[in-house]
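Below: one structure, written as structure tokens.
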Amino acid sequence: SAVISQKPSRDICQRGTSLTIQCQVDSQVTMMFWYRQQPGQSLTLIATANQGSEATYESGFVIDKFPISRPNLTFSTLTVSNMSPEDSSIYLCSVIPSENYNEQFFGPGTRLTVL
Amino acid sequence: DQQVKQNSPSLSVQEGRISILNCDYTNSMFDYFLWYKKYPAEGPTFLISISSIKDKNEDGRFTVFLNKSAKHLSLHIVPSQPGDSAVYFCAASVSNYQLIWGAGTKLIIKP
């Protein structure tokens with residue numbers, strides 16, 4: 001398993017500003033992901049955070065809006081840029097421990113409200 | 001287009017009784033299915049999974065049933081306990097890490 005922490009746990013931001021969310025894992029993991037859960041919706045994969053290279057984004061998500069860093073195997077950041085009220089969501093970091101490909105472990109999430 | 005559907009947003013069950021949570025999918029290529037449980041202010045935690053080569057997997061009070069012909073799976077919790085009150089997500093994958101998630105069902109266990 002893996003223990004994952006996220007900062008901040010929640011924030012209220014103004015339209016047009018940016019917020020950077022941090023994800024820290026207690027062990028080195030190869031695969032790390034960022035998800036979004038909009039109110040009343042299912043979890044949607046934003047991107048795979050690749051260590052040492054650019055993140056791999058899913059359809060509908062772009063680097064300019066959601067820049068991601070992954071400087072090492074235990075840490076990643078997701079920035080939500082130029083925010084609008086539609087970006088109000090829970091943002092979740094997850095990892096796959098290398099020994100079990102089909103089980104993901106999630107951080108507690110960051111609840112973002114954009115006014 | 002929702003490939004994984006949980007049609008019941010919420011479910012209320014008496015403590016001690018059986019809870020049955022349902023999930024339907026449309027993609028016949030899905031070969032692995034998982035259930036996650038989520039408490040408020042926490043991330044989802046893995047509960048139980050099933051491969052498409054099986055039709056049942058059991059772990060303590062939790063059993064998942066898979067009906068491939070109907071593209072339907074269900075999670076049974078017996079007996080239901082107050083600590084089971086949470087949101088339950090069904091997810092599916094095609095031989096890789098990318099999970100497709102349902103919208104979740106909020107389970108409420110009444111004392």
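Letters go in sequence order (proteins before strands), and every chain restarts at 1. Please read these numbers as outputs of a predicted model, since none were measured by experiment.
Between B/Ala103 and A/Gly40, the closest heavy-atom pair is CB-O, 4.4 Å. Residues B/Pro44 and A/Leu43 approach most closely at CG-CD2, 4.1 Å, considering heavy atoms.
A/Phe105 and A/Trp34 are not part of a single hydrophobic cluster, where members link through side-chain heavy atoms under 4.5 Å apart. Linking ILVMFWY side-chain heavy atoms closer than 4.5 Å, directly or via other members, places B/Tyr32 and B/Phe46 in a single hydrophobic cluster. If you chain together hydrophobic residues whose side chains sit under 4.5 Å apart, B/Tyr25 and B/Leu47 fall into the same group. Using a 4.5 Å cut-off between side-chain heavy atoms of Ile, Leu, Val, Met, Phe, Trp and Tyr, with links allowed through other members, B/Leu21 and B/Phe62 fall into the same hydrophobic cluster. There is no path of hydrophobic side-chain contacts, each under 4.5 Å, that joins A/Val95 to A/Tyr91.
With rounding to the nearest 0.5 Å, the separation of CG in B/Leu99 from OH in A/Tyr35 is 4.5 Å. Between atom CD of residue B/Gln3 and atom OG of residue A/Ser42 there is a gap of 10.5 Å, rounded to the nearest 0.5 Å. For the atom pair CZ (B/Phe89) and CD (A/Gln37), the distance works out to 4.5 Å, reported to the nearest 0.5 Å.
Considering only heavy-atom pairs separated by less than 4.5 Å from chain A, the leading option among B/Ala91, B/Gly102, B/Gly43 is B/Gly43.
If you look at B/Tyr36 and A/Phe106, their ring centroids are closer than 6.0 Å.
Within 6.0 Å of CZ in A/Arg10 there are 12 or fewer heavy atoms belonging to other residues, nucleotides or ligands.
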